[in-house]
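One structure is given here, and the rest of the page talks about it.
We count residues from 1, following the sequence as given.
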Amino acid sequence: MIAQLSGRLVSSSLGDVVVDVGGVGYRVYVPPGSVGAHVGDDVLLHTHLAVREDALTLYGFADASTRGLFETLLGVTGVGPKLALAAIGTLGADGLRRAVVGEDVGALTVVPGVGKKSAQRMILELRERLGAADDGSVPGRPAGPADPRTEVREALAALGYAAGEIQSALDAAETADDADPEALLRAALRTLGSR
């Protein structure tokens, strides 16, 4: 298995890069924006090699923990490499962990290809592996009947913001954990407005 590539970045596009390692160019699929290097720079990618009858495909990540999360996602029924990569690319590693542990179906459904049932399956199969508390409670889960982040996510989507922008704004919004949806929406809009 190819677990790591270190070499010169030859080309980069939205979802893949080519890395020259000793004169051989390896095409590696990466989450968009995760390779913070320019063409000609040296890069180090932690990789996962997916083997199928008709293809050998490399998926790359900036750190080993994100690769580990990707491999954990592959253990979920119905989740293949492309969907796992889309989940990490859309929510980021930390956002994905928060969504699963917090049982935030709304956050997971913003990932292209993930519907409500797929999101529920991901939560069910991953919650314990990604950090649920031993007593059965979920850290960070709101006490009320609805998650304010889900309400705000839906409101921002209705305003036309893209899923990635919404997740970044929610991650950057500085509010208390138990903030009401209105305060969280104001904070997210301030964050979006400052970009």
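If you chain together hydrophobic residues whose side chains sit under 4.5 Å apart, L14 and Y29 never meet in one group. By the rule that hydrophobic residues join a cluster once side-chain heavy atoms approach within less than 4.5 Å of another member, V24 and V18 end up as members of separate clusters. The same ILVMFWY cluster, assembled from side-chain heavy atoms under 4.5 Å apart, contains both V51 and L5.
With sequence neighbours left out, the ring pair (Phe, Tyr, Trp, His ring centres under 6.0 Å) criterion links H48 to F70. With sequence neighbours excluded, no residue satisfies side chain to side chain donor-acceptor pair (under 3.5 Å) with S118. For S12, the side-chain contact (heavy atoms from CB on, under 4.5 Å) partners at least two apart in sequence or on another chain are L9, V17.
The heavy-atom pair separating I88 from P31 by the smallest distance is CG2-CG, 4.0 Å. When all heavy atoms of A119 and T109 are compared, the pair lying nearest together is CB-CG2, 4.0 Å. Taking all atoms of both residues into account, the shortest heavy-atom contact from T47 to I2 is OG1-O, 2.7 Å. For the residue pair A99 and A107, the shortest heavy atom distance occurs at CB-CB, 3.8 Å. Residue L58 comes nearest to R27 through the heavy atom pair CB-O, 3.8 Å, listed as atom of the first residue, atom of the second, then distance. Smallest separation of non-hydrogen atoms from K82 and Y59: CG-OH, 4.2 Å.
A distance of 9.5 Å separates OG1 in T90 from CG in L96, rounded to the nearest 0.5 Å. Once rounded to the nearest 0.5 Å, the distance linking OG1 of T57 with CG of L49 reads 7.5 Å. Rounded to the nearest 0.5 Å, atoms CG (L69) and CG (L126) are 8.0 Å apart. Distance check: R67 CZ to Q4 CD gives 7.5 Å after rounding to the nearest 0.5 Å.
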| said: One pair to check against side-chain contact (heavy atoms from CB on, under 4.5 Å): T77 and R121. What are the steps and the verdict? | reply: CA-CA 8 Å; T77 306; R121 185 181 320 112; 3.7 Å; yes
| So L85 and L73, side-chain contact (heavy atoms from CB on, under 4.5 Å) or not? Walk me through it. | CA-CA 9 Å; L85 191 69; L73 284 170; over 6 Å; no
| message | Applying side-chain contact (heavy atoms from CB on, under 4.5 Å) to I123 and D104, what does each step give before you reach the verdict? | response | CA-CA 8 Å; I123 289 168; D104 189 350; over 6 Å; no
| query | Please walk me through it: do V10 and Y26 pass side-chain contact (heavy atoms from CB on, under 4.5 Å)? | reply | CA-CA 9 Å; V10 176; Y26 290 90; over 6 Å; no
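The shortest side-chain heavy-atom distance between S6 and V21 does not fall under the 4.5 Å cut-off. A 4.5 Å side-chain heavy-atom check between V114 and V79 finds every atom pair outside the cut-off.
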